[in-house]
Number of protein chains: 2
Amino acid sequence: MNGRFAISMHILTLLAKAGSEWLTSDFLAGSININPVLVRKEIGNLRRNGLVVSREGKNGGSQLAKSARQIQVSDVFLATRQGAFLGTSRNTPNPNCPVGKDINQHLDNLYQEAEEALIQKLGDCTLETFSHRFA
Amino acid sequence: MNGRFAISMHILTLLAKAGSEWLTSDFLAGSININPVLVRKEIGNLRRNGLVVSREGKNGGSQLAKSARQIQVSDVFLATRQGAFLGTSRNTPNPNCPVGKDINQHLDNLYQEAEEALIQKLGDCTLETFSHRFA
DNA sequence: ATAACTGTAACAATAAATACTACACTATGA
DNA sequence: TCATAGTGTAGTATTTATTGTTACAGTTAT
């Protein structure tokens, strides 16, 4: 399990609180306590997903691409998820076993249903709601 | 992300199909295509969670501790989960930042809600239902 | 022109997951 | 009662994933 969702939530919360200010990757990295390059990579992903905009050059930085009210936590989940969200075995199961042969397909089906329920739940919470929980 | 949930589902599906037969860790490992020792470790966990029983010695092995109809997929999730299920940053965030100071607590709250929804969804599916999807 | 940024590639370090070896222990049954 | 076939588990090695670092080209404001 990696920390990309948590890091993205952290970045977005800071941006939400900053309003129209442009925050630098160095500043964000200081709050999260990770390397600024990782922040820029993560921001690149959020940008490709339409959640933030960035400005290069002096006085550059990032801010939200739309109002915090329009960003749902499920958007962050979708932007940062990777692979089957409950995990799969690294090895390919035995194709000569009736169970091994189809297990990955059936797990995928199961995951898809479960993920839908999760996304629906995470859709109830916006970045605005979440960021207002902080002092 | 590790594959413990998937491996446990695979093990339990094979056991469900085997009924009252005692399956060995070698046999299970052959279908999953992983090391038998890992299977025994995973079975140990399932046993501690009351989902399987094992027998040592010659003709030993494992079988379900209760009928497949009584085992919900959510039980497997609960038995194999570890740590915050959407992940946390490895470093401790900056305690001098209003956001960094509280982010982990607020993420935990969010995760707990989300997990409840997920568990509820996974509770709709039993091991019997799941295993009947295989030939 | 210089300073302060972003974007990104390439590589290093660390941590997590998985595999393997070894062996004590248990039960069966010839 | 001994050989055989299993489990349980510790300890270690290997592999893979994640995170960190360095370096530098490109961009913009002043």
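Note that this is a predicted model, so its numbers are computed, not measured. Each chain gets a letter, A, B and so on, in the order the sequences are listed, and its residues count up from 1.
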Reported [atom1]-to-[atom2] distance for the pair [X] and [Y], which is rounded to 0.5 angstrom:
X	Y	atom1	atom2	value
S54(B)	L23(B)	OG	CG	10.5 Å
I32(B)	I11(B)	CD1	CD1	4.5 Å
T13(B)	H132(B)	OG1	NE2	11.0 Å
K17(B)	L64(B)	NZ	CG	12.0 Å
D124(A)	T129(A)	CG	OG1	9.5 Å
L110(B)	F77(A)	CG	CZ	11.5 Å

Once you round it to whole Å, what is the distance between [atom2] of [N] and [atom1] of [X]?
X	N	atom1	atom2	value
L28(B)	dT7(D)	CG	C1'	12 Å
I43(A)	dG7(C)	CD1	C1'	11 Å
D26(B)	dC20(C)	CG	C1'	13 Å
E42(A)	dT8(C)	CD	C1'	14 Å
E56(A)	dC5(C)	CD	C1'	9 Å
R40(A)	dA4(C)	CZ	P	15 Å
F27(A)	dC5(C)	CZ	P	12 Å

Counting just side-chain N and O atoms, does [X] come under 4.0 Å of either OP1 or OP2 of [N]?
X	N	value
S54(B)	dT7(D)	no
R55(A)	dA29(D)	no
S25(B)	dT7(D)	yes

Among residues 58-68 of chain A, which contact DNA chain D at a heavy-atom distance under 4.0 Å?
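Residues of residues 58-68 of chain A that come under 4.0 Å of DNA chain D are, in numerical order, K58(A), N59(A).
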Could you identify which residues of residues 9-23 of chain A place a heavy atom less than 4.0 Å from some atom of DNA chain D, listed by residue number, or say none?
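Correct list: empty, so none.
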Indicate yes or no: at least one non-hydrogen side-chain atom of L28(A) is less than 4.5 angstrom from one of I43(A).
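In short, these two side chains touch, coming nearer than 4.5 Å.
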Non-hydrogen side-chain atoms of H10(B) and V99(A) separated by less than 4.5 Å
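Side-chain contact under 4.5 Å: yes.
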Ignoring hydrogens and angles, tell me if any N or O in the side chain of N33(B) forms a donor-acceptor pair with the backbone of N91(A) under 3.5 Å.
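Flag not set: sc N33(B) to bb N91(A) has no pair under 3.5 Å.
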Do any N or O atoms from the side chain of D75(B) and from the backbone of Q72(B) form a donor-acceptor pair under 3.5 angstrom?
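Side chain of D75(B) to backbone of Q72(B): a pair is present.
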Give every pair of a protein N or O atom and an N or O atom of nucleotides 18-21 of chain D that lie under 3.5 Å apart, one pair per line with the distance.
unit_1	atom_1	unit_2	atom_2	d
dT19(D)	OP1	G3(A)	N	3.2
dT19(D)	O4'	R90(B)	NH2	3.3
dG20(D)	OP1	N91(B)	ND2	2.6
dT21(D)	OP2	N35(A)	ND2	3.0

For H106(A) and F130(B), take the angle between the two ring planes, folded into 0 to 90°, and tell me which bin it lands in: parallel under 30, tilted 30 to 60, perpendicular over 60.
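Ring orientation, 0 to 90° scale: perpendicular.
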